[in-house]
Amino acid sequence: TPATPAAPATPPSFAFPAERGGCPFDPAPVYEQARKEQPTCLVSLWDGSRTWLVTRHEDVRTVLGDRRFSADATNPGFPFLSAGRRELATRSPSFIRMDDPEHAHLRRMLTGDFIVKRVEALRPRVQEVVDDFLDRMTTDRTSADLVSEFALPVPSLVICLLLGVPYEDHDLFQRCSAVLLDSRSTADQTRQASDELVGYLEHLAGEKEHSPDEAIISRLVARGELSRQEVARMSLLLLVAGHETTANMTALSTLALLRNPDQLARLRAEPQLIKGAVEELLRYLSVVQAGVTRVAVETVELGGHTIRAGEGVVCLLSTANRDEGVFGTPDDLDVARDARRHVAFGFGVHQCLGQPLARLELQIALETLLRRLPGLRLAVPFEEIEFRPDMAVYGVKALPVTW
Ligand code: HEM
């Protein structure tokens, strides 16, 4: 056979999302290779469409800071990462899938609730919640699943308190959230879960008209500007984004620390490092594992490529957070590093609204867990831990621990 000619300098194309390699905390090796060799490249999605994958820190910030890239999923060419995600974005869109000025108008209704000062005022209450769930988990026992007994219930209860959602209904919204975040869910399953959750929240919004409380849903209803359905969609976004992300960060952070005993020991010896350690864990773990999606609405030059209107872009946060141009020895977990430039919460106008709350919850949950359980360790071999490669938010399915 004749010698194969040298490959032309076209971008490598692989199926996105790709599988992780040996270390479950690291991004897929093919992503890291793309960042080093073709930092902006074309990849193929589940439905056979192609989209641009942007992997470097600087380029991710450029795209997310540029209004020529739209977050509105009704634009032609918007890249959907699964059939379910397409269904959700088009059926129950909330402001995460809108552009300004509509996005800014809706987001502004909530900014007051999530500013640092307001969130800091919740510290004693969150500490109480954390201590309560730890009491329940540890009383008369020496082992438990950290996910179902601690990592999930803490942010779940906190977001319920903020929204005015009865925590007794957590089975319903946790079950629906799980379907909405699973890339294996079909369009039908997603539609059902989203209709069930929107229906539940619409009903709740209706109840708040008659018996209001001080929480977010009541206040959105009282403004009189939004339909019940709009209130329900906004609440769905807060409810789902507000508990799954923090829950998975809590459990995965615990596991990452247990696997890096020197870092764990340092954090235990110097608990004042907790704030920086949380930023470092956000950077290192980048739980929004498939990044964030946009579509070009004008022609844009990026990294030597021409991205045309109607072409999709996936901004990969995990590789941006491992960019050695920004973070030295990026593959090391270093609780004492300055990780503040990470993009785990995204960047630009859609940057995570709940980040002050997520930070507060993570700082309190991790600090308290390590302080109260000095003997904390895995109850099963590391190899038996099951991860969540198919979920929008990465993490572990369960984390059996003992102390
Ligand atoms: C947006 C990550 C916790 C509410 C985002 C985005 C990311 C993110 C990457 C940007 C999406 C985009 O640009 O398309 C995270 C992580 C969290 C976390 C890693 C925890 C560790 C929370 C919490 C809340 C929340 C606790 C709840 C209250 C939101 C909302 C948006 C958002 C409402 C949409 C903002 C907008 O479109 O303007 N989050 N999040 N998140 N997050 Fe979070």
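Note that these values count all heavy atoms, side chains included, but never hydrogens, waters or copies made by symmetry. On a predicted model such as this, the values are computed, not experimentally measured, just so you know. Counting starts at 1 for both ligands and their atoms, following the listed order.
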Does only the side chain of M249 get under 4.0 Å from ligand 1, or the backbone, or both, or neither? Count heavy atoms. side chain
Does E361 reach the main-chain N or O of A358 with its side chain, forming a donor-acceptor pair under 3.5 Å? no
Side chain or backbone, does R97 bring an N or O within less than 3.5 Å of an N or O on ligand 1? no
Hey, does V393 sit under 4.0 Å from ligand 1 if you only count heavy atoms? no
Please state which part of L237 comes within less than 4.0 Å of ligand 1, counting heavy atoms only: side chain, backbone, both or neither. side chain
When you measure from the side chain of H342 to the backbone N and O of A344, does any donor-acceptor pair fall under 3.5 Å? yes
Which one holds for V288 and ligand 1: side chain close, backbone close, both close, or neither close, with close meaning a heavy atom under 4.0 Å? side chain
Among all protein heavy atoms in this structure, tell me which lies nearest to atom 11 (C) of ligand 1, with the distance rounded to 0.1 Å. V292 CG1, 3.6 Å
Ligand-residue contact atoms, ligand 1 with I159, heavy atoms, under 4.0 Å: 28 (C)
So, are E202 and R233 salt-bridged, with charged N and O less than 4.0 Å apart? no
Whether R50 engages the ring of F16 as a cation-pi pair (distance to the six-membered ring centre under 6.0 angstrom, angle to the ring normal within 45°) should be assessed. no
So which heavy atom in the protein is nearest atom 3 (C) of ligand 1, and how far is it from that ligand atom? T245 OG1, 3.1 Å
Distance flag, aromatic centroids of Y167 and H170, threshold under 6.0 Å: yes
Part of L282 within contact of ligand 1 (heavy atoms, under 4.0 Å): side chain
For atom 4 (C) of ligand 1, what is the closest protein heavy atom, and at what distance to 0.1 Å? A241 CB, 3.6 Å
Residue-ligand contact L110/ligand 1, heavy atom below 4.0 Å: no
Could you tell me, atom by atom, which parts of ligand 1 come under 4.0 Å of a heavy atom of R107? 35 (C), 36 (C), 38 (O)
Given side chains that start at C-beta, do those of K397 and R388 come closer than 4.5 Å, heavy atoms only? yes
Which of these, F347, F345, F114, F95, has its nearest heavy atom closest to atom 16 (C) of ligand 1? F345
Under 3.5 Å between any N/O of T246 and any N/O of ligand 1: does that happen in this structure? no
Of all the non-hydrogen atoms in the protein, which one sits nearest to atom 10 (C) of ligand 1, and at what distance? H350 O, 3.5 Å
Purely on distance, is any nitrogen or oxygen of R294 under 3.5 Å from one on ligand 1? yes
Full working for side chain to side chain contact (heavy atoms under 4.5 Å, CB included) between L220 and M109: CA-CA 8 Å; L220 289 175; M109 295 181 188; 4.0 Å; yes
Given the rule in the side chain to side chain contact (heavy atoms under 4.5 Å, CB included) test, do N321 and L285 qualify, once you have shown the distances and angles that lead to the verdict? CA-CA 9 Å; N321 282 337; L285 298 169; over 6 Å; no
Shortest reach to atom 8 (C) of ligand 1 by a heavy atom, considering only A358, C315, C352: C352
Does NZ or CZ of R259 lie under 6.0 Å from the centre of the six-membered ring of F25, at an angle within 45° of the ring axis? no
With a cutoff of 4.0 Å, is L317 in contact with ligand 1, counting heavy atoms of the residue only? yes
Can you tell me if E270 has over 12 outside heavy atoms packed within less than 6.0 Å of its CD? yes
For F133, give me all partners under ring-ring contact (aromatic ring centres under 6.0 Å, His included), at least two apart in sequence or on another chain. none
Tell me, please: is A344 in heavy-atom contact with ligand 1, that is, under 4.0 Å? yes
Suppose we measure from atom 27 (C) of ligand 1 to each protein heavy atom; which comes out shortest, and what is that distance? G242 CA, 3.6 Å
Side chain, backbone, both or neither: which part of Q355 has a heavy atom under 4.0 Å from ligand 1? neither
Evaluate the ring planes of H57 and F327, with Trp represented by its six-membered ring, and classify them as parallel (under 30°), tilted (30 to 60°) or perpendicular (over 60°). perpendicular
